[in-house]
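Residue indices begin at 1 and follow the sequence shown.
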Amino acid sequence: MNIFKSLRTFFDNFTILLFVMVILASLWPVQGQAAVAFNHGTDIAIALLFFLHGAKLSREAIVQGITHWRLHLFIFAATFVLFPILGMMFEPVFEPFLTPTLYLGVLYICVLPSTVQSSIAFTSVARGNVAAAMCSASLSNILGMFLTPVLVGLLINAQANQQDVDSSQAALSIVLMLLVPFVLGQLCRSKIFPIIQRYPVMVKVVDQGSILLVVYAAFSEAINEGLWQQVSGSILLALVIICCILLAIVMVGLTYASRALGFNKEDEITIVFCGSKKTLASGLPMAKILFAGHPIGMLILPLILFHQIQLVVCGILAARYARRQEKNRNN
């Protein structure tokens, strides 16, 4: 359980920093030429982040996990099919409790890929199929660089009755800013990975720092547009409840569907954690590209809340799975 406690401590600290960025942006939003320079800095930090992610990813883990195609197909279907369908189905029910822009943020959650680090970490704590989790979560993020812009074009633009997002141009921008550094990291892995192992804090600083910069820049822009005049306490509460409902439906559905399809307990754990989670680390940079020129603070607010909720729920569930697995082994 030491891993679990360390993981929870990391996320608690990071959660605090996320909300500190929101408070700082609310009090001292960056403006004018400073905002332009700040955005260029976040672009560089994001590219460095994906370069390091590419350098960290083990090719052996991909080879080991990729053979489990049924599991990966099931997870990808949950991530890129089930979530978007639920987002469209629930729009008439949920949107009246939110603003239209906030519900677009909920739809944006639905088209994002899975997380990488936390999916693997929670699967490990719960004693699931870690190799498959590494493969599935990593491939989900790579595919998401292409699928998310397409789904944004098909789903979010259609729901908003607008054509503000050029999916092909956005996909190209994502390839240049995210995929190219990722591939370069893979190509340089033999030289970079030993440095990462020697200085793990470097990756942590870049990982968290790039996300915090994007959050600060996005909320600064939103504050300048009057975010807190448009979002009341009751709307925030409704958004939290909606995120909880969406996550609960997916997690319960994946649990019973994986059992019905004959997956073993280790694979069930991997499916539940990888199929139900949505990435903040890739979601914020992609939002910055996909919705360039538009205030994205309100659009990413649902993602930030969903991220915190999924960490708490998955932490509790991982501990429960671990106790159950230990009990079964002792019996």
Side-chain angles (χ1 to χ4, degrees), residues 50 53-87 109-152 154-155 171 174-175 178-179 182-183 185-187 189 193 246-247 249-279 281-283 286 310 314 317-318 321-322 324-325 328:
F50 278 82
H53 276 303
K56 283 196 306 180
L57 182 60
S58 168
R59 297 171 195 174
E60 292 76 13
I62 294 178
V63 173
Q64 183 180 359
I66 203 167
T67 55
H68 206 340
W69 63 269
R70 284 182 67 244
L71 180 144
H72 301 313
L73 188 61
F74 190 35
I75 292 173
F76 295 156
T79 302
F80 296 113
V81 179
L82 176 61
F83 261 105
I85 289 175
L86 290 175
I109 293 173
C110 293
V111 301
L112 285 172
S114 179
T115 61
V116 179
Q117 294 98 323
S118 57
S119 288
I120 296 168
F122 283 125
T123 300
S124 175
V125 170
R127 301 181 181 178
N129 189 335
V130 176
M134 291 179 68
C135 178
S136 184
S138 300
L139 289 178
S140 176
N141 270 254
I142 295 171
L143 288 175
M145 294 182 197
F146 302 97
L147 291 178
T148 295
V150 173
L151 290 172
V152 165
L154 292 175
L155 181 60
I174 287 172
V175 166
L178 308 185
L179 184 60
F182 182 89
V183 172
Q186 273 282 291
L187 294 176
R189 188 174 189 274
F193 188 65
L246 182 62
L247 181 63
I249 290 173
V250 173
M251 294 189 82
V252 171
L254 291 180
T255 299
Y256 286 101
S258 61
R259 294 173 184 175
L261 291 173
F263 288 101
N264 61 33
K265 182 60 68 175
E266 288 75 17
D267 289 344
E268 174 193 318
I269 291 169
T270 303
I271 289 168
V272 170
F273 287 127
C274 293
S276 66
K277 303 184 84 228
K278 293 294 185 173
T279 177
S282 298
M286 282 197 281
Q310 71 183 7
C314 289
L317 186 60
Y321 267 125
R324 187 180 300 172
Q325 293 285 77
N328 291 338

Check: C274 main-chain N/O paired with S114 side-chain donor or acceptor under 3.5 Å: yes
Whether Q310 side chain and L247 backbone form a donor-acceptor pair below 3.5 Å: no
Search all heavy atoms of [X] against all heavy atoms of [Y] and return the closest pair with its distance.
X: C110; Y: G87; answer: SG-CA, 3.9 Å
X: C314; Y: M251; answer: SG-CE, 4.1 Å
X: P84; Y: V111; answer: CG-CG1, 4.4 Å
X: S136; Y: H72; answer: CB-ND1, 3.4 Å
X: A126; Y: I269; answer: O-CD1, 3.2 Å
X: L112; Y: T79; answer: O-CG2, 3.3 Å

Find the distance between [atom1] ([X]) and [atom2] ([Y]) and round it off to the nearest 0.5 Å.
X: M145; Y: L143; atom1: CE; atom2: CG; value: 9.5 Å
X: K278; Y: S119; atom1: NZ; atom2: OG; value: 10.5 Å
X: F263; Y: I271; atom1: CZ; atom2: CD1; value: 4.0 Å
X: I75; Y: S140; atom1: CD1; atom2: OG; value: 8.5 Å
X: I249; Y: L82; atom1: CD1; atom2: CG; value: 9.0 Å

Geometric class of the F76/F80 ring pair [parallel <30°, tilted 30-60°, perpendicular >60°]: tilted
Parallel, tilted or perpendicular, as decided by the 30° and 60° cut-offs, for the rings of F273 and Y321: perpendicular
N264, T270, D267 screened by side-chain hydrogen bond (donor to acceptor under 3.5 Å, both in side chains) with N129, the one that passes: D267
Heavy-atom check, side chain of T123 versus side chain of E266, under 4.5 Å: no
Validation row: V152, M286 side chains within 4.5 angstrom (heavy atoms): no
Partners meeting side-chain hydrogen bond (donor to acceptor under 3.5 Å, both in side chains) with S282 (sequence neighbours left out): N141
Pairs touching residues 250-262 that satisfy salt bridge (Lys or Arg N to Asp or Glu O under 4.0 Å), sequence neighbours left out: R259-E268
Pairwise salt bridge (Lys or Arg N to Asp or Glu O under 4.0 Å) hits with a residue in residues 73-87, at least two apart: none
